[in-house]
There are 2 protein chains.
Amino acid sequence: MHTDPGTSSSPSSREKILDVAEALFAAQGFAGVSLADVAARVGLGKSSLFHHFPGKVSLYAEVSERVIERIIQRLQPAFEASGPATERLDRMIEGLCDALAEHAPAARLLLRSLFEDHLFAPEDEPTLAPVEALVAKVTGLAAELLRDGIARGEFREVSVPDAVQTVIGAVVYHYASGEVGEKILGGPIFSAESVARRRREVTTFIHTALVASPAPGKA
Amino acid sequence: MHTDPGTSSSPSSREKILDVAEALFAAQGFAGVSLADVAARVGLGKSSLFHHFPGKVSLYAEVSERVIERIIQRLQPAFEASGPATERLDRMIEGLCDALAEHAPAARLLLRSLFEDHLFAPEDEPTLAPVEALVAKVTGLAAELLRDGIARGEFREVSVPDAVQTVIGAVVYHYASGEVGEKILGGPIFSAESVARRRREVTTFIHTALVASPAPGKA
DNA sequence: TTGACGACCGACCGGTCGGTCGGCATTCTA
DNA sequence: TAGAATGCCGACCGACCGGTCGGTCGTCAA
């Protein structure tokens, strides 16, 4: 009947709006983006945006949902696998790296979505609720993976919530760090070689930090 | 003669403006904050803000400078010490944790300052330049510490820029994670016990990840 | 007593914000 | 061919934005 995100309604304009809005929200934040700018870059009149989305917050929420869903899709195999926790951990981090690396705005948008809670009125909460649910889902699965690894004796006995927080920060921040990160790296963040090196480095870093036994493995 | 930031001019109002602006910028971002709101919370008329700061970007820049300078002050002893790199590393991370923990808005403001580059016009660059310089200084010192530790054989042979990025993300993100972080923790972020636990966990995490030899130390 | 000065204010400016409204094509349906 | 959606648009609205302006008030030095 109504908006069926995926194929029906207008397959072109709606997706284009989401793409443009995603890039702009990531670069300038919710308050820093004007719908007139979004519309102009898509090639539509501003009022046409309201045909596809009831308002700015809804557009922002849908953009965020799309980003997180894409990441969850990448992490699913790591969570569903049944091997040793160390391997699932590596697969999770690699999947997260890949998801963030192949879609530049994702990391910034993700971190921003954590910061910009206080910008929305209480009446907007139901609109944002699905996003919060998705975040809670993925962090819950990560915590479960860590708990399992500790129970199996594969990981040190760390505080699981703190470890989840550390992993999120260590992985996500890098792809959101922009110019500051590139100045630290001395080169681009999203080049093929940089992405590959980052994946290797951060996976080893977290692996080494969590695994109890001395030998980090065959890698 | 004119504005001497520190003690002269109006010791009260100017500091109050900076305090209020810091909290608001951290919570809502540069674009999300209105000067009218700042003025109202300080208890001044909006036009009085322009008496102390030439404009919004200058206010933002000075707030950011103050935050980063406070952090650098905390890290100084770690950088100036001359003991083993492992101890300096621990001291650096603990200092960073303390600085971020005792001043709640700091972490969010810090991360935001990385994200909100694209919000400012080229003409604002000279105003923001001191902030970038301070960030470059502290990241440079951290990189130096890591390089030294590797040269001494105390740390694994990691990619130093990546390790710096990982440390920043692992430490800073947590104190900026807000409601999401508290949902993951299952409790407050800035309570005394939470801060102490976090400090211990993240220090051990990074220490374990970087140090080649097994024993993480006495702490 | 005077006069310069810093802190402060209300009123106001041009411009931009998110959002609304009525209407114009095109296309699908019957 | 009637008619109902659908996608889109320009014009418009009230609210709010950062910033300016002219002026008031208390303080302090001469």
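We name chains A, B, ... by the order of the sequence lines, and we start the count at 1 in each one. This one's a predicted model, so the numbers in the text were calculated from it and none came from an experiment.
- When each of A/Phe30 and B/Gly45 is assigned the nucleotide of DNA chain C bearing its nearest heavy atom, the one mapping closer to the 5' terminus is B/Gly45.
- One finds a side-chain N or O of B/His52 lying less than 4.0 angstrom from the OP1 or OP2 phosphate oxygen of C/dC8.
- Salt-bridge formation is not detected for the pair B/Glu132/B/Lys137: no Lys NZ or Arg NE/NH1/NH2 atom is positioned less than 4.0 Å from an Asp or Glu carboxylate oxygen.
- A donor N or O paired with an acceptor N or O is found under 3.5 Å between the base of D/dG10 and the side-chain atoms of A/Ser47.
- Shown here is B/Glu69, whose CD atom has more than 12 heavy atoms of other residues, nucleotides or ligands within 6.0 Å.
- As a whole-Å value, the separation of B/Glu15 CD from C/dA7 P is 13 Å.
- Judged by distance alone, the side chain of A/Arg147 and the main-chain N or O of A/Val160 form no donor-acceptor pair under 3.5 Å.
- More than 12 heavy atoms of other residues, nucleotides or ligands lie within 6.0 Å of CD in B/Glu102, so this atom counts as buried by the packing criterion.
- Rounded to whole angstrom, the span from the CG atom of A/Leu49 across to the C1' atom of C/dG19 amounts to 11 Å.
- Legend: residues meeting side-chain contact (heavy atoms from CB on, under 4.5 Å) with B/Ala176, ordered by chain and number and at least two apart, are A/Phe115, B/Ala107, B/Arg108, B/Leu111.
- B/Lys46 contributes a side-chain N or O that forms a donor-acceptor pair with the base of D/dG19 under 3.5 Å.
- Of the residues in residues 32-42 of chain B, those with a non-hydrogen atom less than 4.0 angstrom from any atom of DNA chain D are B/Val33, B/Ser34, B/Leu35.
- For the pair B/Ile17 CD1 and C/dA7 C1', the interatomic distance rounds to 10 Å; values are reported in whole Å.
- Classified by interplanar angle (parallel below 30°, tilted 30° to 60°, perpendicular above 60°), the ring pair B/Phe30/B/Tyr60 is perpendicular.
- Between A/His51 and D/dC8 there is no side-chain N or O to OP1 or OP2 distance below 4.0 Å.
- In this structure, A/Tyr60 atom OH and C/dG19 atom C1' are separated by 20 Å, rounded to whole Å.
- Using a cutoff of 4.0 Å between basic side-chain nitrogens and carboxylate oxygens, A/Asp124 and A/Lys56 are not scored as salt-bridged.
- For B/Asp124 and D/dG18, the CG to P distance is 13 Å, given to the nearest whole Å.
- In this structure, B/Glu123 atom CD and D/dG19 atom C1' are separated by 14 Å, rounded to whole Å.
- For the pair A/Leu59 CG and C/dG19 C1', the computed distance is 14 Å after rounding to whole Å.
- Side-chain N/O atoms of A/Ser48 include one lying less than 4.0 angstrom from OP1 or OP2 on D/dC9.
- Across C/dC9, C/dG18, D/dG18, the shortest atom-to-atom separation from the side chain of B/Phe50 is found for D/dG18.
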